[in-house]
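Atoms within a ligand are numbered from 1 in the order they appear, just like the ligands themselves.
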Amino acid sequence: MISVQNIDKVYRSATDNYVALEKVNLQVQEHEFLAIMGPSGSGKTTLLSIMGLIDKPTQGKVLIDGVDTSYMKERESLLVRKNKIGYIFQDFNLISELSVFENVELPLLYSDISPKERAHRVEYALQNAGIFHKRKHLPSQLSGGQQQRVAIARAIVNDPLILLADEPTGNLDSASAGDILNLLSQFNDNGKTIVMVTHCDRASMLANRIVHLFDGHLVSKAYMTTK
Ligand SMILES: Nc1ncnc2c1ncn2[C@@H]1O[C@H](COP(=O)(O)OP(=O)(O)OP(=O)(O)O)[C@@H](O)[C@H]1O
Ligand SMILES: [Mg+2]
């Protein structure tokens with residue numbers, strides 16, 4: 001479903017170049033639930049955002065559902081992202097001036113669907129994420145766990161094949177974290193391919209497979225425990 005081929009990511013600045021990822025290869029199968037773990041700064045968000053076509057690699061390719069995205073123009077890759085990928089950001093990325101309903105509606109605004117169908121889809125996503133009752137509130141009026149649910153509703157409103165989640169339980173107490181993890185598991189049971197970045201052992205136990213990043217390299221678990 002996702003094929004990351006020989007990816008490098010170099011952040012360039014006036015004073016230096018920083019290699020955030022080096023020679024990363026990763027295949028994610030359809031219906032898989034993969035966890036990416038690793039210390040802070042190891043490149044997890046960088047890798048996930050490249051898999052989500054939010055950022056471009058300096059070197060290497062990303063194939064989504066068999067299609068090479070490396071030659072795509074901005075518009076084209078945006079379309080792939082819109083149709084196939086739901087992305088849950090590390091810091092929620094909700095728009096503070098918009099209500100919960102409007103935040104979740106955003107990804108649908110430029111689609112070719114009627115306002116009625118749009119409202120129906122937003123309500124369905126809000127219900128699925130367990131946050132329908134707060135649809136008229138602003139993000140600032142919600143708890144962290146509730147904001148995370150809104151971010152999840154927004155990520156699933158397009159009914160994507162792939163759900164990418166960057167530390168979806170990072171800022172939550174353990175009860176809310178458990179609820180969010182159950183939700184992700186349900187989506188996986190219903191056929192979505194999930195890649196989740198996490199620091200949490202409990203979260204990673206839900207996954208079918210765990211990969212570890214260290215200093216921008218994918219490494220084996222044994223390597224990690226000696227560090
Ligand atoms: N836009 C950027 N410009 C320069 N360096 C960056 C940029 N974004 C990330 N980095 C650097 O790349 C490295 C990897 O960052 P990344 O955000 O992928 O780490 P992470 O594993 O997600 O960490 P965390 O667990 O803290 O979220 C870090 O050293 C970071 O400082
Ligand atoms: Mg991160």
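- Side chains of T193 and E32: no donor on one and acceptor on the other come within 3.5 Å.
- Under the 4.0 angstrom criterion, atom 14 (C) of ligand 1 counts as having a protein heavy-atom contact.
- Of the listed residues (G38, S40, G170), the one carrying the non-hydrogen atom nearest atom 24 (P) of ligand 1 is S40.
- With values rounded to the nearest 0.5 angstrom, L218 atom CG is found 13.0 Å from K23 atom NZ.
- Annotation: atom 28 (C) of ligand 1 to nearest protein heavy atom, G41 O, 3.8 Å.
- Atoms of ligand 1 found under 4.0 Å from any heavy atom of T45, numbered from 1 in the order shown, are 17 (O), 18 (O), 20 (P), 22 (O), 27 (O).
- Proximity to T46 (heavy-atom distance under 4.0 Å) selects the following atoms of ligand 1: 14 (C), 15 (O), 16 (P), 18 (O).
- Residue contacts with ligand 1 leave out K9, since none of its heavy atoms falls under 4.0 Å from the ligand.
- Atom CZ of R154 sits about 12.0 Å away from atom CG of L108, to the nearest 0.5 Å.
- Separation of atoms CG (N128) and CD1 (I156) is listed at 4.5 Å; rounding is to 0.5 Å.
- Taking a 4.0 Å cut-off on heavy atoms, G43 registers as neighbouring ligand 1.
- When each atom of ligand 1 is checked for a heavy atom of Q90 under 4.0 Å away, the hits are 27 (O).
- Distance screen at 4.0 Å: atom 31 (O) of ligand 1 has no protein heavy-atom neighbour inside the cut-off.
- The backbone N or O of H31 lies less than 3.5 Å from a partner atom in the side chain of N188, making a donor-acceptor pair.
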field: Check against side chain to side chain donor-acceptor pair (under 3.5 Å), N182 and S185
entry: CA-CA 5 Å; N182 284 337; S185 273; 5.4 Å; no
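- Side chain to side chain, Y11 and T46 meet the donor-acceptor criterion of an N or O pair below 3.5 Å.
- For the Mg ion (ligand 2), the N/O/S atoms of T46 include none lying under 2.8 Å.
- Residue T45: an N/O/S atom is found under 2.8 Å from the Mg ion (ligand 2).
- Residue nearest to atom 21 (O) of ligand 1, selected from E167, K44, H199: K44 (by heavy-atom distance).
- Among protein heavy atoms, atom 10 (N) of ligand 1 sits closest to Y11 CE1, 3.3 Å.
- L48 CG to E167 CD: the interatomic distance, rounded to the nearest 0.5 Å, is 10.0 Å.
- Screening K192, K82, K84 for a salt bridge (Lys or Arg N to Asp or Glu O under 4.0 Å) involving D159 leaves a single residue, K192.
- What sits closest to atom 12 (O) of ligand 1 on the protein, heavy atoms only, is Y18 CE2, 3.4 Å.
- Every atom of ligand 1 is numbered from 1 in the order shown, and the set under 4.0 Å from a heavy atom of A20 is 12 (O).
- The aromatic rings of Y124 and H120 sit parallel, their planes meeting at an angle under 30°, below the 60° perpendicular limit.
- Residue contacts with ligand 1 include P39, since one or more of its heavy atoms lies under 4.0 Å from the ligand.
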